[in-house]
Amino acid sequence: MRWTHWQTLILKTPFSDLSFKETLIGGQAFRWSFNEIDQCWQGTWSKSFTQLRLNTEESIECRFPEESEANVTESLRQYLLVDTDWSYLTEQLPWRSDPVLADAIYAFRGLRLLNQPFAETLLCFLCSATKQIPQIKIMCENMAREIGSEIIPGGPHALPTWKQLSNTSESVLRSLGLGFRAKNIKQTADLIAGSNKILEEIEGLPYEEAKDELTKFPGVGSKIADCTLLFGAQKYQAFPVDTWILKVLKNRYRLKGWNKDQLEHFGRVHLGPLAGYAQQFLFAYERAQR
DNA sequence: AGGCAGGTGGCCA
DNA sequence: TGGCCACCTGCC
């Protein structure tokens with residue numbers, strides 16, 4: 001594969017080495033890996049494929065297969081939200097009165113949320129139930145390879161569309177290692193394929209309504225709906241409570257005995273309209289201690 | 001070798 | 001409402 005020359009992308013907010021890596025493979029996206037031969041990160045989203053490396057902290061370099069669509073650089077800029085002022089958003093978080101959050105922000109300075117395609121985000125997180133990140137990545141790779149379309153001739157495949165998934169049998173999905181998630185994905189695919197523009201409509205709804213709609217899909221509960229809205233629809237008030245956040249809240253915030261609904265409510269009230277961004281810091285911080 | 005992992009949904013008190 | 005459990009599969 002022939003690559004374009006490396007281009008520089010200036011970032012409004014710098015990364016650190018740690019936050020760059022955490023942003024790509026920390027668990028909000030499952031389509032990035034380190035290419036040892038080229039010594040850079042590579043990943044796919046939508047119909048795009050790119051390689052990235054951290055240049056200075058204020059900029060990254062990117063390149064694309066020569067056959068890429070003309071707008072691929074702009075697509076990457078939107079995916080990475082290069083013009084968003086993440087340091088300003090971080091300032092809005094209640095770290096001044098919250099030493100746990102302050103520590104997490106300090107450790108992962110420059111961490112950001114990606115702006116992933118909504119449909120793909122839903123699919124990836126439907127795979128995530130009781131699975132660790134490496135396993136989720138394998139499921140996504142398998143689906144892309146066997147069902148998704150080639151992005152570049154001879155290159156990687158995109159994740160399948162919901163249309164492609166609805167044309168795939170549950171047993172084929174099971175053969176790709178999805179386990180009991182295969183049934184949920186198949187049924188969700190049939191619902192989406194049978195209703196024109198339903199995902200676009202949900203993505204455009206206000207947070208609460210979008211969450212209500214998403215949880216109507218089989219296999220999508222509160223946590224997966226919140227991940228989909230946070231990482232795939234830029235609804236930053238979404239506050240996914242998973243096992244790691246449960247640990248943070250129960251142990252570091254001393255909220256043992258609270259149930260999940262109460263903890264979700266606590267997060268929303270205490271962390272405010274950017275609760276999801278705060279969650280990403282807390283998640284990274286807690287996982288780093290394991 | 002058995003238990004557990006970025007959950008969800010159904011069932012029962 | 002709240003607790004318990006099955007559900008696939010792979011990995012330690």
Side-chain angles (χ1 to χ4, degrees), chain A residues 21-32 104 108 111 113-114 116 120-143 145-146 159 165 168-191 211-233 235-236 238-252 255-267 271 275-290:
Chain A
K21 182 176 174 184
E22 180 68 20
T23 298
L24 295 180
I25 61 163
Q28 39 175 327
F30 302 98
R31 300 287 284 150
W32 291 91
F108 288 92
L111 183 67
L113 297 167
L114 297 169
Q116 301 179 66
E120 292 186 356
T121 312
L122 176 60
L123 176 59
C124 292
F125 281 94
L126 264 169
C127 296
S128 71
T130 65
K131 279 294 175 191
Q132 299 179 98
I133 292 168
Q135 295 308 311
I136 302 167
K137 287 172 88 163
I138 290 169
M139 293 184 224
C140 290
E141 280 169 26
N142 290 346
M143 284 190 293
R145 188 184 62 252
E146 299 301 326
L159 285 169
L165 288 163
T168 306
S169 69
E170 183 187 326
S171 61
V172 167
L173 293 173
R174 280 183 180 264
S175 75
L176 302 177
L178 297 181
F180 65 80
R181 300 155 201 81
K183 188 174 183 183
N184 294 330
I185 288 170
K186 174 63 177 167
Q187 290 180 354
T188 295
D190 290 341
L191 288 169
K211 185 170 178 179
D212 286 345
E213 292 303 314
L214 279 179
T215 49
K216 290 178 182 169
F217 292 124
V220 181
S222 181
K223 190 270 180 187
I224 290 176
D226 273 339
C227 286
T228 304
L229 292 169
L230 180 60
F231 305 130
K235 312 274 191 212
Y236 294 163
F239 185 69
V241 175
D242 59 35
T243 56
W244 296 99
I245 295 301
L246 279 178
K247 280 185 202 170
V248 174
L249 295 176
K250 286 177 188 251
N251 299 333
R252 298 184 190 276
L255 300 178
K256 289 192 169 72
W258 292 45
N259 71 28
K260 210 178 155 191
D261 284 341
Q262 292 168 325
L263 292 171
E264 277 186 44
H265 184 70
F266 169 83
L271 299 169
Y277 187 36
Q279 175 272 357
Q280 205 59 26
F281 281 107
L282 295 173
F283 176 83
Y285 187 60
E286 185 67 20
R287 241 166 42 92
Q289 317 280 319
R290 71 186 181 270

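Chain letters run A, B, ... following the sequence lines, proteins first and then strands; every chain starts at 1.
Whole-Å rounding puts the A:I185 CD1 to B:dT8 C1' distance at 13 Å. Between A:F283 atom CZ and B:dA5 atom C1' the separation is 12 Å, expressed in whole Å.
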Each base of DNA chain B marked ( ) or [ ] if paired in-strand (Watson-Crick or G-U under 3.5 Å), | if paired to another strand and . if unpaired gives .||||.|||||||
Protein N or O to nucleotides 2-6 of chain C N or O, pairs below 3.5 Å:
from: C:dG2; atom 1: OP2; to: A:N259; atom 2: ND2; distance (Å): 3.4

Quick test: give all pairs of protein nitrogen or oxygen and nucleotides 9-12 of chain C nitrogen or oxygen below 3.5 Å, distance rounded to 0.1 Å.
from: C:dT9; atom 1: O2; to: A:K131; atom 2: NZ; distance (Å): 2.3

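Contacts of A:F125 with the nucleic acid, taken as non-hydrogen atoms under 4.0 Å apart, are absent. Here A:I245 lies out of heavy-atom contact (under 4.0 Å) with every strand.
With centres under 5.5 Å and a plane angle under 30° as the test, the ring of A:F180 is not stacked against the base of C:dC8.
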List the atom pairs, with distances to 0.1 Å, where a side-chain N or O of residues 23-32 of chain A and a protein N or O form a donor-acceptor pair under 3.5 Å, not counting sequence neighbours.
from: A:T23; atom 1: OG1; to: A:S19; atom 2: O; distance (Å): 2.6
from: A:T23; atom 1: OG1; to: A:R112; atom 2: N; distance (Å): 3.4
from: A:Q28; atom 1: OE1; to: A:L114; atom 2: N; distance (Å): 2.9
from: A:Q28; atom 1: NE2; to: A:R112; atom 2: O; distance (Å): 2.8
from: A:R31; atom 1: NE; to: A:T44; atom 2: OG1; distance (Å): 3.2
from: A:R31; atom 1: NH2; to: A:T44; atom 2: OG1; distance (Å): 3.2
from: A:R31; atom 1: NH2; to: A:H157; atom 2: O; distance (Å): 2.8
from: A:W32; atom 1: NE1; to: A:Y79; atom 2: OH; distance (Å): 2.9

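Residue whose closest nucleotide on DNA chain B sits further toward the 5' end, between A:S128 and A:V220: A:S128.
Residues from residues 223-233 of chain A that place a heavy atom under 4.0 Å from any atom of DNA chain B, listed by number: A:K223, A:I224.
When the side chain to side chain donor-acceptor pair (under 3.5 Å) test is applied to A:T130, the partners found at least two apart in sequence or on another chain are A:R181.
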